[in-house]
Amino acid sequence: MSAARTSRTPLPGIGVRYDLTTREHRHLSVVAHRDGSRTLSAYRRDDPDACALSVHLTGQEAEALVDALTPTHHSPTLLSTTELGLVAERIELSGTSHWNGRLLGDTRMRTETGVSIVAVLRRAEAIPSPGPGFRLAGGDTLIVIGTREGVDAAAAILGRE
């Protein structure tokens, strides 16, 4: 069985195009747009230049698809938080959030909800273990871990405008 073939092509002003040819000779492509959205395309088997399906995904939709394609139970090195009564989620901070420009410590997140903010994703950068002096910005995605109730409470606090 032959391995899948992949290639990467920069698209100036747009983003990057990733092409995949499967072992069944099917051609797929993903355009990673600069705004975080993705366009997933599948091409006809009889004419690899003819697009049979094209789906535009928001950044969050693309992340959900990746999560569905790589479920955590298939990776022995990842902690299965659900077995421990914990959940890990991404919470996006809107540009109009009350917390935009404020310090993480001002949210009193751990005290109020019991959740831990284990990382912040900002543009193409990941900031692990942000401290209370970390300044939040609209568009940040906070990776939180805690109980279902705690994570829901954290989302409510961070959603405050």
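What you are looking at is a predicted structure, and each value in this text was computed from that prediction instead of being measured.
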Does the pair Arg90 and Leu121 meet the rule for a side chain to side chain contact (heavy atoms under 4.5 Å, CB included), with working shown? CA-CA 9 Å; Arg90 299 169 183 246; Leu121 307 178; 3.4 Å; yes

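- No path of Ile, Leu, Val, Met, Phe, Trp and Tyr side chains, each step under 4.5 Å between heavy atoms, connects Val30 with Leu11, placing them in separate hydrophobic clusters.
- Every residue two or more places apart in sequence or in another chain that forms a side chain to side chain contact (heavy atoms under 4.5 Å, CB included) with Arg148 is listed here: Val87, Glu89, Val151, Asp152.
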Show me the donor-acceptor pairs within less than 3.5 Å that the side chains of residues 47-54 make with the rest of the protein, sequence neighbours left out.
from  : atom 1 : to    : atom 2 : distance (Å)
Asp47 : OD1    : Asp49 : N      : 3.2
Ser54 : OG     : Ser41 : OG     : 3.3

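- The side chain to side chain donor-acceptor pair (under 3.5 Å) pairs that include a residue from residues 111-121 are Arg108-Glu112, Arg110-Ser116, where partners are two or more places apart or lie in different chains.
- Checked against side chain to side chain contact (heavy atoms under 4.5 Å, CB included), Leu158 has the following partners two or more places apart in sequence or in another chain: Ile91, Leu93, Trp99, Thr107, Met109, Leu142.
- For residues 30-44, the set of pairs meeting the salt bridge (Lys or Arg N to Asp or Glu O under 4.0 Å) definition, not counting sequence neighbours, comprises Arg44-Asp46.
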Distance-only criterion, 3.5 Å: show the donor-acceptor pairs between side-chain atoms of residues 130-141 and protein atoms not counting sequence neighbours.
from   : atom 1 : to     : atom 2 : distance (Å)
Arg135 : NH1    : Gly101 : O      : 2.6
Asp140 : OD1    : Arg122 : NE     : 2.7
Asp140 : OD1    : Arg122 : NH2    : 3.4
Asp140 : OD2    : Arg122 : NH2    : 2.7
Asp140 : OD2    : Ala137 : N      : 2.9

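- Pairs passing the salt bridge (Lys or Arg N to Asp or Glu O under 4.0 Å) check and including a residue from residues 91-102, sequence neighbours excluded, do not occur.
- Hydrophobic clustering of Ile, Leu, Val, Met, Phe, Trp and Tyr side chains at less than 4.5 Å, counting indirect connections, unites Ile145 with Ile143.
- Residues Val115 and Ile127 share a single hydrophobic cluster, defined by chaining ILVMFWY side chains whose heavy atoms lie under 4.5 Å apart.
- By the 4.5 Å side-chain criterion applied to Ile, Leu, Val, Met, Phe, Trp and Tyr, Leu103 is assigned to no cluster and stands alone.
- Residues passing the side chain to side chain contact (heavy atoms under 4.5 Å, CB included) test with Glu24, sequence neighbours excluded: Thr22, Arg26, Arg45.
- Every residue was checked against the salt bridge (Lys or Arg N to Asp or Glu O under 4.0 Å) condition with Asp106, not counting sequence neighbours, and none meets it.
- No side-chain donor-acceptor contact under 3.5 Å links Asp19 to the backbone of Ser7.
- For Thr96, the side chain to side chain contact (heavy atoms under 4.5 Å, CB included) partners two or more places apart in sequence, or in a different chain, are Ser94, Glu161.
- Every residue two or more places apart in sequence or in another chain that forms a ring-ring contact (aromatic ring centres under 6.0 Å, His included) with His56 is listed here: His33.
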